Amino acid sequence: MKVSVGGTLKLVFRPWVEGLENVPAEGPAILASNHLSFSDSFFLPAVLDRKVTFIAKAEYFTTPGVKGRLTAAFFKGVGQLPVDRSGARGAGEAAIRSGLEVLERGELFGIYPEGTRSPDGRLYRGKPGGLARVALASGAPVIPVAMIDTEKIQPPGKVVPKVMRPGIRIGKPLDFSRYQGMDHDRFVLRAVTDEVMYEIMKLSGQEYVDMYATAAKRRLAEASKAGKEAEKAAKAALAQAQKERAEKEKKAEQQ
């Protein structure tokens, strides 16, 4: 996959990279990145010599049929781990377990602190449960990463990507050993997450929004739904008005 997928991405899109020297040549480390596009999980590993393991929803690995098997093989090949999102605490606990297993093997673990893709290209508040707990429990350094312009290559809903140069900025490793043993303190988890998000903001140049991306997506969905309902109501009102007008004109003709 490094040769086929990674080589093809570098050849076709020619991504530029800054700060590559900040990724250690060996040993565990956490790559904490902003999340603009589905393709983020492919461009970042493509520019690194080392393997990067991300997490992905289990449905990518369990879909039946030939297409399902091919999809599962592809995601395994590019270093994705299946995460079962069922249960009381869902993906959060699964992500923590997966991340710690990867780091215990001395590998690179990739995570998106926002929890989901940005709906509008802005940087949203990081969720403290996953990134901070993995960092404090493992003691691994956190390397902030900023993906640049990947949302322009493949916006949500678009299948065919646009050929253009994305960018990747990699910041200096952050050491949180001063918080060792405090991985269940919610104030510490919040502080660690905010520090990482601040570094990502400086690298990416994105506007920061102090709310979760999931909440922003929910608001956008509600606004879209309200807009569609208003449009539907307006059309119904127009149709009713046209009907009443036609009836009046017919009645006037009869008189």
Side-chain angles (χ1 to χ4, degrees), residues 12-13 33-43 55-68 70-72 74-75 83-92 95 112-130 146-167 193 197 200-201 204-255:
V12 175
F13 294 94
S33 172
N34 59 339
H35 199 12
L36 298 173
S37 169
F38 174 78
S39 60
D40 293 338
S41 299
F42 304 108
F43 279 113
I55 55 175
K57 58 184 181 181
E59 288 86 344
Y60 287 144
F61 299 82
T62 58
T63 303
V66 176
K67 183 179 179 181
L70 290 174
T71 301
F74 176 77
F75 276 97
V83 172
D84 184 359
R85 299 184 297 176
S86 62
R89 302 188 69 173
Y112 301 111
E114 292 168 280
T116 187
R117 282 176 284 180
S118 170
D120 53 15
R122 296 185 294 176
L123 184 67
Y124 285 82
R125 194 181 196 202
K127 293 188 174 182
M147 306 301 296
I148 311 293
D149 290 336
T150 53
E151 81 282 9
K152 298 176 182 177
I153 291 176
Q154 191 175 26
K158 295 291 184 180
V159 178
V160 180
K162 177 182 178 181
V163 178
M164 60 175 290
R165 293 191 73 186
T193 305
M197 297 309 295
I200 293 175
M201 181 186 69
S204 68
Q206 292 170 279
E207 176 186 349
Y208 180 76
V209 183
D210 193 21
M211 68 181 297
Y212 294 122
T214 49
K217 286 185 174 182
R218 186 167 57 250
R219 288 187 181 182
L220 289 173
E222 291 172 351
S224 177
K225 181 180 178 181
K228 289 179 180 179
E229 290 177 350
E231 183 180 357
K232 183 179 179 180
K235 287 182 178 179
L238 178 60
Q240 181 63 30
Q242 291 175 337
K243 181 180 178 181
E244 292 175 355
R245 180 180 177 182
E247 290 176 350
K248 287 181 179 180
E249 291 177 349
K250 183 179 180 180
K251 187 175 181 180
E253 290 176 358
Q254 291 175 348
Q255 292 177 346

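These values consider heavy atoms only, across backbone and side chains, with no hydrogens, waters or symmetry-generated copies. This one's a predicted model, so the numbers in the text were calculated from it and none came from an experiment.
- Contact annotation: the side chain of Met147 never approaches that of Ser37 to less than 4.5 Å [non-hydrogen atoms, C-beta and beyond].
- For the atom pair OG1 (Thr150) and CE (Met164), the distance works out to 9.0 Å, reported to the nearest 0.5 Å.
- Under the 3.5 Å distance criterion, the side-chain polar atoms of Lys152 are left unmatched by any main-chain donor or acceptor of Pro166.
- Applying the side chain to side chain contact (heavy atoms under 4.5 Å, CB included) rule to Arg122 yields the partners Asp120, Tyr124, Glu207, Val209; only residues at least two apart in sequence or on another chain are considered.
- The closest donor-acceptor contact from the side chain of Glu114 to the backbone of Asn34 lies at 3.5 Å or more, if one exists at all.
- Ring geometry for Phe43 versus Phe13: interplanar angle over 60°, hence perpendicular rather than tilted (30 to 60°).
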**OP:** Report the C-alpha separation of Glu249 and Arg245 in whole Å, then their side-chain angles, then the decisive distance to 0.1 Å, and conclude whether the salt bridge (charged side-chain N to carboxylate O under 4.0 Å, His left out) test is met.
**Re:** CA-CA 6 Å; Glu249 291 177 349; Arg245 180 180 177 182; 3.3 Å; yes

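- Across every non-hydrogen atom of Pro113 and Met197, the tightest pair is CB-SD, 3.5 Å.
- Between Thr116 and the options Lys127, Lys217, His35, a side-chain hydrogen bond (donor to acceptor under 3.5 Å, both in side chains) holds for only Lys217.
- Contact between Met201 and Tyr208 at its shortest, heavy atoms only, is SD-CB, 3.5 Å.
- To the nearest 0.5 Å, the span separating CD on Glu229 from CD on Glu222 amounts to 11.0 Å.
- Counting non-hydrogen atoms of other residues, nucleotides and ligands closer than 6.0 Å to CZ of Arg219 gives a total of 12 or fewer.
- Taking the salt bridge (charged side-chain N to carboxylate O under 4.0 Å, His left out) definition, one finds that Lys235 meets it with Glu231, sequence neighbours left out.
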